[in-house]
Amino acid sequence: GDSVTQMEGPVTLSEEAFLTINCTYTATGYPSLFWYVQYPGEGLQLLLKATKADDKGSNKGFEATYRKETTSFHLEKGSVQVSDSAVYFCALSREGRRALTFGSGTRLQVQP
Amino acid sequence: GAGVSQSPSNKVTEKGKDVELRCDPISGHTALYWYRQSLGQGLEFLIYFQGNSAPDKSGLPSDRFSAERTGGSVSTLTIQRTQQEDSAVYLCASRQGDSNQPQHFGDGTRLSIL
């Protein structure tokens with residue numbers, strides 16, 4: 001079945017550091033890939049998405065590239081801020097399996 | 001515009017009681033989902049509604065859980081005879097278009113069973 005694997009957290013960085021959160025997936029066909037972010041006490045917000053191989057999603061300085069050859073969708077940001085502290089979820093959706101399949105989430109803590 | 005609205009935001013109840021959780025999706029979104037977020041299990045899919053089609057109930061954990069969607073809009077998730085393991089945050093999401101489109105989430109209902 002479909003699955004998404006994320007790196008374990010928490011990830012603790014200093015402000016302005018470079019961020020990478022790894023995400024790999026297993027799915028049949030050609031899934032769409034998403035990153036969602038959850039701030040404390042809130043629901044999930046879409047951060048970015050990519051719907052086909054080699055697509056790059058980007059938003060708020062975050063980027064992720066859909067790599068079919070490595071079945072990966074790693075999240076990156078060049079310079080994190082304290083306000084980026086949150087839990088980040090990688091997810092996929094696929095025709096015929098309409099619900100999102102989520103990774104376990106990675107907590108990011110950015111220190112001033 | 002208005003996002004997905006869920007109520008109540010918090011619910012505390014005694015074991016054995018029934019609870020109803022409400023979701024008001026984004027206007028015009030034909031697809032509606034319920035998920036459960038708990039510490040040990042991460043994000044679990046519960047049920048999916050699409051237009052007038054029969055719902056996909058494959059994620060419901062037991063027959064104590066049920067959901068309905070009236071008029072293609074508001075949805076209610078009902079948990080009967082609640083157990084302590086039902087304690088979690090219940091998230092609702094809606095989507096328009098096909099599965100390439102993102103789901104938009106509400107802030108969730110935090111359910112605590114005493």
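Convention: sequence-line order gives letters A, B, ...; per-chain numbering from 1.
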> Where is the tightest heavy-atom contact between Gln37(B) and Phe89(A), given as atom of each residue plus distance?
Replying inline: NE2-CZ, 3.5 Å
> Quick one: do Phe73(A) and Tyr30(A) end up in the same hydrophobic cluster if we chain Ile, Leu, Val, Met, Phe, Trp and Tyr together by side-chain heavy atoms under 4.5 Å apart?
Replying inline: no
> To the nearest 0.5 Å, how far apart are OG1 in Thr101(A) and CD in Glu44(B)?
Replying inline: 12.5 Å
>> Quick check: is Leu91(B) connected to Val87(A) through a chain of hydrophobic side chains (ILVMFWY, heavy atoms under 4.5 Å apart)?
In response: yes
>> Would you say CD of Glu69(A) has more than 12 non-hydrogen atoms from neighbouring residues, nucleotides or ligands within 6.0 angstrom?
In response: yes
> Short question: side chain of Asp107(B), backbone of Glu42(A) - any donor-acceptor pair under 3.5 Å?
Replying inline: no
>> Is Leu46(A) in contact with chain B via its backbone, its side chain, both, or neither, using a 4.5 Å heavy-atom distance?
In response: side chain
>> Only pairs of heavy atoms separated by less than 4.5 Å count here; which of Leu43(B), Val89(B), Val4(B) has the most with chain A?
In response: Leu43(B)
> More than 12 foreign heavy atoms under 6.0 Å from CD of Glu15(A): is that the case here?
Replying inline: yes
>> Just verifying a value: how many Å separate Gln103(B) CD and Ser93(A) OG, rounded to the nearest 0.5 Å?
In response: 7.0 Å
> Just by modelled atom types, is the Ala99(A) backbone N or O under 3.5 Å from a matching donor or acceptor in the Tyr35(B) side chain?
Replying inline: no
> What part of Gln45(A) is in contact with chain B, defined as an atom under 4.5 angstrom from a non-hydrogen atom: side chain, backbone, both or neither?
Replying inline: neither
> Under a single-linkage definition using a 4.5 Å side-chain heavy-atom cutoff for Ile, Leu, Val, Met, Phe, Trp and Tyr, are Leu13(A) and Val37(A) assigned to the same hydrophobic cluster?
Replying inline: yes
> Would Tyr48(B) and Tyr90(B) show up in the same hydrophobic cluster when neighbours are defined by side-chain heavy atoms closer than 4.5 Å?
Replying inline: no
> Is there side-chain contact between Phe102(A) and Phe45(B), with heavy atoms separated by less than 4.5 Å?
Replying inline: no
> Is the number of heavy atoms from other residues, nucleotides or ligands under 6.0 Å of Arg64(B) CZ greater than 12?
Replying inline: yes
> Phe105(B) and Leu44(A): which non-hydrogen atoms are nearest, and at how many Å?
Replying inline: CB-O, 3.3 Å
